[in-house]
Number of protein chains: 2
Amino acid sequence: MLAYGGGVGDVFKALADPTRRAILDELQERSGQTLFELISRLVSRHGLTSSRQAVSQHLEVLEAAGLVRTRREGRYKFHELDTAPLRAITDRWRL
Amino acid sequence: MLAYGGGVGDVFKALADPTRRAILDELQERSGQTLFELISRLVSRHGLTSSRQAVSQHLEVLEAAGLVRTRREGRYKFHELDTAPLRAITDRWRL
DNA sequence: TTGTCATGCAAGCAGATGCTTGCCTATGGT
DNA sequence: ACCATAGGCAAGCATCTGCTTGCATGACAA
């Protein structure tokens, strides 16, 4: 079975939230960030003030949609963007 | 002011619903459908059973997002797909 | 005019969603 | 061992969302 369990709709639902889109923006600009790194940069660069749990739950959604991949090292968990599922959009309506 | 009033997020929110995505699929395949035409084809071609009001409200959302353009003729209202707002997605994450 | 057809408007409701709160686990430093 | 750090789990809550229900409007036909 695959690394992510979501259907096609999960990608669209994941993109529906502005904080999650900002997270994708951030991960595109700087790949491999940890949770706390992301929180800090969301504040300083996007003007967002989200709690740790809020961001953590957003990352779960993004990971379930296959838009974020993670790798664990010790007590750190690094996140990186994966734009592959976004092809579902461009392919569907021939962009 | 522009023809549609929505911000960027409205496009993503509009795409978050599976019925709305099916409507976009339908309008891409056959442009200029009326509300009842859409309902009928959503049933026969997508296996969806949505009420008139449900589809009507979905069309409002899609129109507000700029994804659907309408034209009125007498008592008929024709709908057509506009994929231009989808560029917001491809541009944002360089697809 | 009377009736029908295509669509619009608005209130109400159940389920989904994003967030908080509080506690828990685990890793690494001293 | 002790403590701080990085992250996880789960219940509760306010809001949002999609849908229904019921009535209203406007266009065309007989």
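Taking atom CG on A:L35 and atom P on C:dA26, their separation rounds to 18 Å, with Å as the unit. One can place NE2 of B:H79 at 14 Å from P of C:dA6, the figure rounded to the nearest angstrom. As rounded to whole Å, 10 Å separates atom P of D:dG8 from atom CZ of A:F36. Straight-line distance from the CD atom of A:Q33 to the P atom of D:dA6: 14 Å, rounded to whole Å. Put simply, CD on B:E37 is 15 Å from C1' on C:dT7, counting in whole angstrom units. Look at NZ on B:K77: it is 15 Å from P on D:dG26, rounded to the nearest Å.
Partners of A:R71 by side chain to side chain donor-acceptor pair (under 3.5 Å), not counting sequence neighbours, listed by chain and number: A:E73. The salt bridge (charged side-chain N to carboxylate O under 4.0 Å, His left out) test applied to A:R20 returns no partner, not counting sequence neighbours. Residues meeting the side chain to side chain donor-acceptor pair (under 3.5 Å) test with B:T90, sequence neighbours left out: none. Residues passing the side-chain contact (heavy atoms from CB on, under 4.5 Å) test with B:S31, sequence neighbours excluded: B:E80. In this view, B:V8 and B:F12, B:A88 satisfy the side-chain contact (heavy atoms from CB on, under 4.5 Å) rule, not counting sequence neighbours. Shown here are the salt bridge (charged side-chain N to carboxylate O under 4.0 Å, His left out) partners of A:R92, two or more places apart in sequence or in another chain: B:D25. The salt bridge (charged side-chain N to carboxylate O under 4.0 Å, His left out) search around A:R30 returns A:E37, not counting sequence neighbours. Partners of B:R41 under the salt bridge (charged side-chain N to carboxylate O under 4.0 Å, His left out) rule, at least two apart in sequence or in another chain, are B:E26.
In this structure the side chain of A:L38 reaches within 4.5 angstrom of the side chain of A:L59, judged on heavy atoms.
The backbone N or O of A:Q33 lies less than 3.5 Å from a partner atom in the side chain of A:H79, making a donor-acceptor pair.
In the hydrophobic clustering (ILVMFWY side chains linked at under 4.5 Å, chained through shared members), B:V61 stands by itself.
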Each nucleotide N or O in nucleotides 15-22 of chain D that has a protein N or O under 3.5 Å away: list the pair and distance.
from   : atom 1 : to    : atom 2 : distance (Å)
D:dT17 : OP1    : B:K13 : NZ     : 2.7
D:dG18 : OP1    : B:R20 : NH2    : 2.8
D:dC19 : OP2    : B:H58 : NE2    : 2.2
D:dT20 : OP2    : B:S51 : OG     : 2.6
D:dT20 : O4     : B:Q57 : NE2    : 3.0

Please tabulate the protein-to-nucleotide N/O contacts below 3.5 Å involving nucleotides 27-30 of chain C, giving atom names and distances.
from   : atom 1 : to    : atom 2 : distance (Å)
C:dT27 : O2     : A:R75 : NH1    : 3.3
C:dG28 : O4'    : A:R75 : NE     : 3.4

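Each end of the helix from C:dT1-D:dA30 to C:dT30-D:dA1 gets its own axis, taken as the rotation carrying the C1' atoms of four end pairs onto the next four within a five-pair window, and the two axes meet at 20° to the nearest 10 degrees.
Proximity of A:S56 to the phosphate of D:dG8: a side-chain N or O atom is located under 4.0 Å from OP1 or OP2.
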